[in-house]
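Here is how names work: the chains are called A, B, and so on, in the same order as the sequence lines, proteins then strands, and each is numbered from 1.
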Amino acid sequence: MIVAGCDIGSLTAKAVIMENGNVLSDAIMRAKTRPAESANEVMQMALDKAKLTMDDIGYVVGTGYGREQIPFVDQVESEISCHAKGAFKTMPSVRMVIDIGGQDAKATRMDDNGNVARYIYNDKCAAGTGRFLEVMAEALEVPLEELGSLAAKSTEKLSISNQCVIFAETEVVSLVNEGKEIADILNALHHSLAKRVASLARSIEVKTNVVMTGGVAKNSGVFNALSEALGIELKALNGVDPQIMGALGAALYAQEKKELNK
Amino acid sequence: MRPEIQEYNYDWMMGSTLKAAAALPTGTKKETELTYRYIPYYKNVAQSFYSAGAPGVQTLELLAKYYENILTAHAQGKKICATTFCNSPVILYAMDIVPVTFEILTAIGAMVWKRGMFDYMDFCCETGMPETSCSSQRGAQGAVLSGLSENIDFVICDTPGVCDTNANAFAYLSEYLDKPFFQLNYPSCIGDDRSQKYHVDDYKEMIKFAERHSGNKLDYDRLAEVLEEVNKQDAMIADLEDMLMLKPTPVPPIYNLALYAGRFCFSGHPQYTKLLESMVKTAKGYADAGISGLKSKEEKLRVFMCYIDHYTVNVNFYNYMEERGIANVGSILSRNFRDNNLYVKDMPGSSYSVDMSSPEAMLDTIAQMNARLPMVRSIRGPYDKKGMWLEESLACAKMYNADCMIYNGTPGCRNTWGMVKPFARDIEKHGYPCHIMNDDAFDDRVESWDATRERLDEFFKVRGLL
Amino acid sequence: MNIVAGCDVGSLTSKAVIMKNGKIIGSHIIKSKPRPKDSADAALDGALAAAGVSKEDIKYCIGTGYGREKIEFVNEVVSEIKCHGKGARWMLPTAETVIDIGGQDCKVMKIDKSGNVGRFSANDKCASGTGRFLEVMANVLNIGIDELGKLSAKAKEPITLASTCTVWAQADVIKYINSGVSIEDIGAGINAAMSGRVAILVNSVKPEGDIFMTGGVAKNIGVVETLEKLIGRRIKRARKADPQIAGAIGAALLSAEKVNGNGRKVK
Amino acid sequence: MKVFNDAATRVQCDSITRWKKEGKPVVGYTCSYTPAEIFYAADILPVRLRGIETDGMEVGDTYFGPFICSFPKCILQLAGKGKFSFLDGAIITPGCDGMRRLDECWRKAGEDFDGIVPDYFYYFDVPHKSENHGMAWYIEEVKELIKSVEKHFNVSITNEKLTAAIKAFNKGRRLLNEIENLRSKDEIVVSGTDVFAATIAGTVMPRDEYTKELKKWVTALKKRKTSLSKNKHRVMLVGSISDEIDLFELIEDTNKAIIAGENLCFGIRYEGNEIKEDGDPIEALADHYLGTSVCPRMYGKYKERLAMLKERIERSQAAGVIMQNIRFCDLHGAENALFERDLEAIGIPCLRVEREYGPHIDAGRMKLRINAFLERIDAKNDHKLSEAVAVSA
């Protein structure tokens with residue numbers, strides 16, 4: 001039985017196709033304004049990779065910000081559950097997932113069976129989200145993928161303190177004007193983001209075995225800064241792309257559902 | 001403030017709206033249909049009250065009456081006192097003073113009008129109040145500050161020591177309008193002799209203040225009458241709270257709102273007694289039949305609101321609970337901590353009793369009663385100390401067999417936002433899933449209802465509750 | 001020949017104005033670059049070209065705006081609040097209250113006969129209620145800022161927006177798009193949210209006399225008209241110049257005052 | 001001045017380190033309601049807790065919610081980072097709702113971070129009114145506090161020692177008043193930034209050392225001739241809690257203004273008033289710390305506070321008042337609005353700003369407002385000048 005998981009976020013769309021618990025293919029693309037469009041397109045990308053058509057898919061679970069708008073889903077699940085499920089399946093020792101998405105950051109704690117025990121979202125403002133990094137990358141004219149490697153070259157410690165994404169952008173621009181190095185500014189941004197996210201995770205109590213999911217997890221700068229801010233070593237997800245974790249979890253839900261219905 | 005808003009007297013507008021709403025169910029079907037056509041936004045709100053049966057309509061009548069009292073006060077030679085919902089109106093009724101409770105009026109406005117109390121709230125900020133101060137005052141307060149409501153004569157506020165933003169709003173109002181101000185102040189503890197005495201000393205000062213500015217002497221015979229009424233009311237409140245324990249609970253979610261709205265408006269007033277009688281009667285009917293008070297008659301989940309539960313923007317939250325089959329087993333606002341309530345047994349020193357044997361005893365009674373109003377009682381001190389927020393919430397959750405707890409408030413509630421994260425952690429440690437709502441109970445410009453609802457749904461689903 | 005200039009380097013756009021004997025002989029608006037210095041140079045070059053004069057002809061130049069400290073060619077810097085007051089009074093000689101909505105700030109000020117600023121109030125809290133808010137929203141709707149302004153008139157049932165945070169409001173807007181709400185109703189909701197925040201500021205200074213609006217948002221008819229409804233007063237229009245360059249005009253006027261004293265050349 | 005600057009800009013300044021080296025205890029306290037004299041009497045160093053030197057908020061935000069003023073959050077942040085490891089005790093007061101929740105948040109943080117809660121952790125319950133039973137309650141609280149300090153630190157705090165402490169503290173208070181007198185003159189010889197640093201230093205330095213240093217400084221100031229106020233506007237700074245030297249610097253760095261006075265709770269508002277030296281010392285302390293409190297948390301006393309502010313404005317000959325409040329500080333936010341209304345009505349220009357406490361206060365935006373405000377005073381003076389010229393003509 002072939003199933004799929006589709007995760008439509010505010011910045012990116014992801015799809016995973018799975019057969020009997022094995023991933024056949026996955027796809028990631030930048031989200032369009034309308035989630036339905038993103039869903040169709042990203043699903044097609046994954047299908048093409050697996051050389052399948054929509055007719056081959058027995059069940060689809062949708063998740064993410066635009067989950068209600070995915071035209072072809074059979075069921076929707078929250079990102080909280082999907083990321084937890086995906087991470088737990090990838091690495092059964094995981095007890096906490098920190099997911100930095102486009103609009104929000106979330107920390108989720110799981111019990112020994114992988115069930116969600118507690119979770120928390122970022123407070124009101126959007127600082128501490130993927131959007132924060134995106135705006136900054138734009139302001140600094142640095143490609144999103146290069147943020148991590150660039151920040152690694154930092155030599156001077158700077159700090160960015162503004163809570164508001166928009167105002168933080170101004171702060172960044174003034175640092176540029178002061179002639180500060182881009183690498184140092186980026187490093188400061190990563191630490192600022194990491195500290196905000198760390199306080200989220202801590203408020204629901206961090207133990208050990210923490211992983212990071214979502215696209216931002218691929219940014220080594222944030223990854224390391226978060227480890228530092230939490231005071232524990234973040235675990236890498238056994239070589240699985242952390243960005244597809246939500247879609248993977250959704251696919252796992254689809255798999256379960258199919259097994260139940262057998 | 002928009003010019004069209006300034007065309008109308010606020011009290012009159014609210015009072016007539018509610019009066020008309022209360023009269024609607026007695027009209028013919030045709031009349032009702034026609035009216036609904038003219039109030040497309042209010043239709044759902046009105047129906048949520050009508051569907052609560054007689055108590056629903058009586059709540060509307062009670063609120064209409066409250067405005068009528070304000071509107072006619074000065075013509076009858078009575079003084080109007082601006083006060084907070086944490087101050088029992090009992091003493092004011094005993095002294096023939098008309099209370100104006102901002103929080104209740106703001107809540108009503110948020111329910112009744114499509115744009116809620118936005119214009120009034122913003123007006124407060126236009127005068128200079130910070131936009132971070134609590135929306136529950138800013139609504140009705142805006143009407144008073146802008147001169148669109150009846151003039152108030154003096155201010156009595158009893159939140160110093162309990163809630164800065166609240167106390168600050170009243171202090172600001174008194175200064176802005178140059179009206180006499182009195183503050184009842186509470187220490188950070190309750191139940192010990194020292195704080196008990198402080199309550200009484202402070203209360204006596206307040207009576208002196210009220211006498212001075214109303215020109216009325218406190219009449220102890222009248223006070224006895226009012227307390228007699230309180231006695232009756234407390235017994236019925238205890239009945240309702242006992243019924244909350246039944247599974248399924250026969251008490252509809254919106255009754256909680258009516259219960260405390262009534263108490264904050266008309267404690268010791270026969271109008272409230274009538275409402276309680278009718279709520280008890282209806283709920284008892286359901287209890288005898290062993291059915292849930294929910295419209296669907298199927299109780300899927302029991303929620304205890306560990307802070308306020310009056311998300312009143314278009315009554316969305318109550319309708320949501322009905323839709324999802326969620327029983328509201330109360331909030332800290334519904335508790336009155338009268339000694340005849342079951343939940344006070346585990347919290348010695350937390351309750352008050354009614355003693356009418358002498359004027360002194362009556363004063364003690366009313367001072368101690370006042371010191372046990374919802375916020376005044378449980379968030380005045382460190383949340384994990386004796387008799388405070390955590391103890392109360394856990395006692396109630398256990399007693400009412402709650403499946404989870406939900407925190408709801410306004411961004412203005414500095415006091416609870418200062419401690420709610422560790423509080424929620426402790427609640428979770430006791431086995432209750434706890435959700436913190438990030439909304440504003442009276443202003444959906446802070447978080448849209450769609451977003452609030454989505455987060456609630458997610459919580460119930462992810463935590464395996466629904 | 002008394003040729004003077006004003007240069008206003010904002011967070012979103014940069015503007016330069018060249019004036020001769022109290023008349024504008026050239027102006028230029030550009031989208032701001034990451035470095036204010038580059039923005040200032042580009043804006044001034046554009047204005048010089050439009051005026052057909054060279055940098056050497058300019059007797060005095062005042063810089064203003066968020067990037068004012070970084071402009072290299074100015075003789076002096078002045079706050080944009082003062083410049084907008086001055087520019088506004090020049091554009092509308094009866095103006096007594098000025099609303100200036102910039103890229104990341106919104107200010108309301110009272111001015112006297114000479115355009116000097118009296119009491120003023122500025123938002124300090126959040127980027128919502130600023131030009132940046134509209135920019136972000138227009139991007140989400142995939143339309144131009146000018147178009148956004150025109151949507152209000154066609155709206156039937158404007159949405160209520162969670163308006164406390166630009167990024168959160170953005171999430172709301174996406175949600176409304178997806179649930180099929182008309183773009184007019186969303187646009188009107190955005191303009192209303194924006195106006196609502198500005199209205200508080202306007203009313204807080206108790207506006208008197210004629211009200212004038214400067215800055216790029218003054219060209220957003222949706223915001224202006226909603227704001228008029230909220231404050232219950234008309235906001236006067238003036239055709240003398242583009243309201244977006246009012247700050248640069250004010251800077252140029254202040255430059256002219258200096259030159260009348262003792263003229264100095266631009267660095 | 002060097003020792004003051006050190007004390008004003010570093011959480012653990014050299015004076016504290018030296019005191020600790022002698023093996024003597026240090027107790028931190030929040031707000032201006034804790035009688036520091038009690039600790040002096042027991043040879044304990046009282047240190048008012050501050051939030052400077054934070055470089056993030058990850059600990060503060062873990063326990064405090066999102067709508068809380070950054071001052072208590074910064075204190076918690078420092079505690080969580082071990083920056084208060086020199087404390088042997090801490091006193092928390094319900095100064096405002098944000099500050100009072102430092103109690104729970106600090107204790108709960110202690111469950112996650114080892115050793116960050118001092119052994120002696122005390123909640124000092126201050127009422128919101130100073131009349132009758134309010135004052136009686138406070139006096140009892142003070143007595144309870146004394147008993148508790150005696151017990152924990154194994155010391156004895158007698159009335160004689162308290163009186164001696166009051167006298168010792170008054171010396172510094174008198175010196176600060178001398179500085180205020182200097183600043184009220186037509187030409188000011190000392191910057192507002194320096195005066196503020198010297199005032200703050202008094203809230204953290206050992207008192208005798210402080211008095212000695214302050215005396216030296218005041219003597220030197222009296223000899224100064226160079227005016228710092230020429231061609232500058234004299235302004236006052238009022239509002240929310242502030243112990244940030246950089247906020248003062250930001251204003252004076254415009255080179256167009258000198259801070260001729262302030263009315264801040266870390267400043268002269270509390271540190272400048274003398275305490276009665278005769279009679280019952282506890283009552284004298286209570287009269288000062290609660291009775292003369294001018295914090296807006298003492299509801300219903302606005303008129304008294306306005307009168308005092310006017311007096312200070314007059315004394316400092318301020319041409320304008322800068323009013324700031326930290327975001328989420330409703331108390332000062334609302335009071336500033338009333339001040340602005342009432343002062344503008346009598347022709348005193350006011351600037352009202354909301355800001356964040358902590359590192360990198362929004363310097364750019366703040367500067368813009370301050371510059372525009374100073375330009376406004378310029379224009380006002382020009383106007384006056386031209387009127388005067390017109391009249392004389």
- Message: Please determine whether the number of non-hydrogen atoms from other residues, nucleotides or ligands lying under 6.0 Å from atom NZ of Lys151(D) exceeds 12.
- Response: no
- Query: With a 4.0 Å cut-off, would you call Asp178(B) and Lys303(D) a salt bridge?
  - Reply: yes
- Item | Contacting region of Asp426(B) [heavy-atom separation from chain D under 4.5 Å] | side chain
- Message: Closer than 4.0 angstrom, basic N to acidic O: yes or no for Asp61(D) and Lys421(B)?
- Response: no
- Which one, Cys189(B), Cys157(B), Cys413(B), Pro187(B), leads in non-hydrogen pairs under 4.5 Å with chain D? Pro187(B)
- Nearest heavy-atom neighbours spanning Arg107(D) and Asp384(B): NH1-OD2, 2.7 Å
- Item | Check: Gln183(B) main-chain N/O paired with Lys129(D) side-chain donor or acceptor under 3.5 Å | yes
- Looking only at heavy atoms, what is the nearest atom pair of Gly381(B) and Arg101(D), with distance? O-NH1, 3.1 Å
- Message: Counting heavy-atom pairs under 4.5 Å with chain D, which one of Gly418(B), Gly128(B), Pro180(B) comes out on top?
- Response: Gly418(B)
- Can you check side-chain hydrogen bond (donor to acceptor under 3.5 Å, both in side chains) on Thr165(B) and Asp330(D), steps first, answer last? CA-CA 6 Å; Thr165(B) 35; Asp330(D) 300 331; 4.6 Å; no
- Query: Side chain, backbone, both or neither: which part of Lys385(B) has a non-hydrogen atom closer than 4.5 Å to chain D?
  - Reply: side chain
- Which value, rounded to the nearest 0.5 Å, describes the distance between Tyr123(D) atom OH and Ser188(B) atom OG? 3.0 Å
- Can you tell which part of Asn132(D) gets under 4.5 Å to a heavy atom of chain B, answering side chain, backbone, both or neither? side chain
- Note on the structure: To the nearest 0.5 Å, atom CD of Glu104(D) lies from atom CH2 of Trp389(B) at 9.5 Å
- Looking at Arg425(B) and Tyr63(D), what are the two nearest heavy atoms and their distance? NH1-CE2, 3.6 Å
- Straight-line distance of Arg327(D) CZ to Glu131(B) CD, nearest 0.5 Å: 5.5 Å
- Task: Check whether Phe182(B) gets within reach of chain D through its side chain, its backbone, both or neither, counting any heavy atom under 4.5 Å.
- Result: side chain
- Closest-packed option against chain D by number of heavy-atom pairs under 4.5 Å, given Ala169(B), Ala167(B), Gly412(B), Ser195(B): Ala167(B)
- Message: For the CG atom of Leu331(D) and the OH atom of Tyr172(B), what is their distance to the nearest 0.5 Å?
- Response: 13.5 Å
- Measure from the side-chain N and O atoms of Asp97(D) to the backbone N and O of Asp164(B), and report whether any donor-acceptor pair falls under 3.5 Å. yes
- Message: Quick one, Asn168(B) and Glu335(D) - any side-chain contact, counting heavy atoms below 4.5 Å?
- Response: no
- Query: Got a donor-acceptor contact below 3.5 angstrom from the His128(D) side chain to the Asn185(B) backbone?
  - Reply: no
- Under-4.0 Å salt bridge between Arg341(D) and Glu175(B): no
- Side chains of Tyr198(B) and Pro127(D) in contact at under 4.5 Å (non-hydrogen atoms): yes
- Message: Check Glu141(D) with Arg194(B), please: is the shortest side-chain N to carboxylate O separation under 4.0 Å?
- Response: yes
- What residue in Cys134(B), Ala171(B), Pro422(B) has the most heavy-atom pairs under 4.5 Å with chain D? Pro422(B)
- Message: Atom NZ of residue position Lys197(B) - does it have more than 12 heavy atoms of other residues, nucleotides or ligands inside 6.0 Å?
- Response: no
- Note on the structure: Comparing Glu340(D), Glu140(D), Arg297(D) against chain B, the one with the most heavy-atom pairs below 4.5 Å turns out to be Glu140(D)
- Task: Calculate, to the nearest 0.5 Å, the distance between atoms NE2 and OH belonging to His133(D) and Tyr203(B) respectively.
- Result: 13.0 Å
- Which bit of Val155(B) comes within less than 4.5 Å of chain D, counting heavy atoms only: side chain, backbone, both or neither? neither
- Message: Quick one, Asp103(D) with Tyr383(B), criterion side-chain hydrogen bond (donor to acceptor under 3.5 Å, both in side chains). Give me CA distance, side-chain angles, the key distance, then yes/no.
- Response: CA-CA 10 Å; Asp103(D) 169 43; Tyr383(B) 79 80; over 6 Å; no
- Task: Nearest 0.5 Å please: distance from the CZ atom of Phe64(D) over to the CZ atom of Arg414(B).
- Result: 12.5 Å
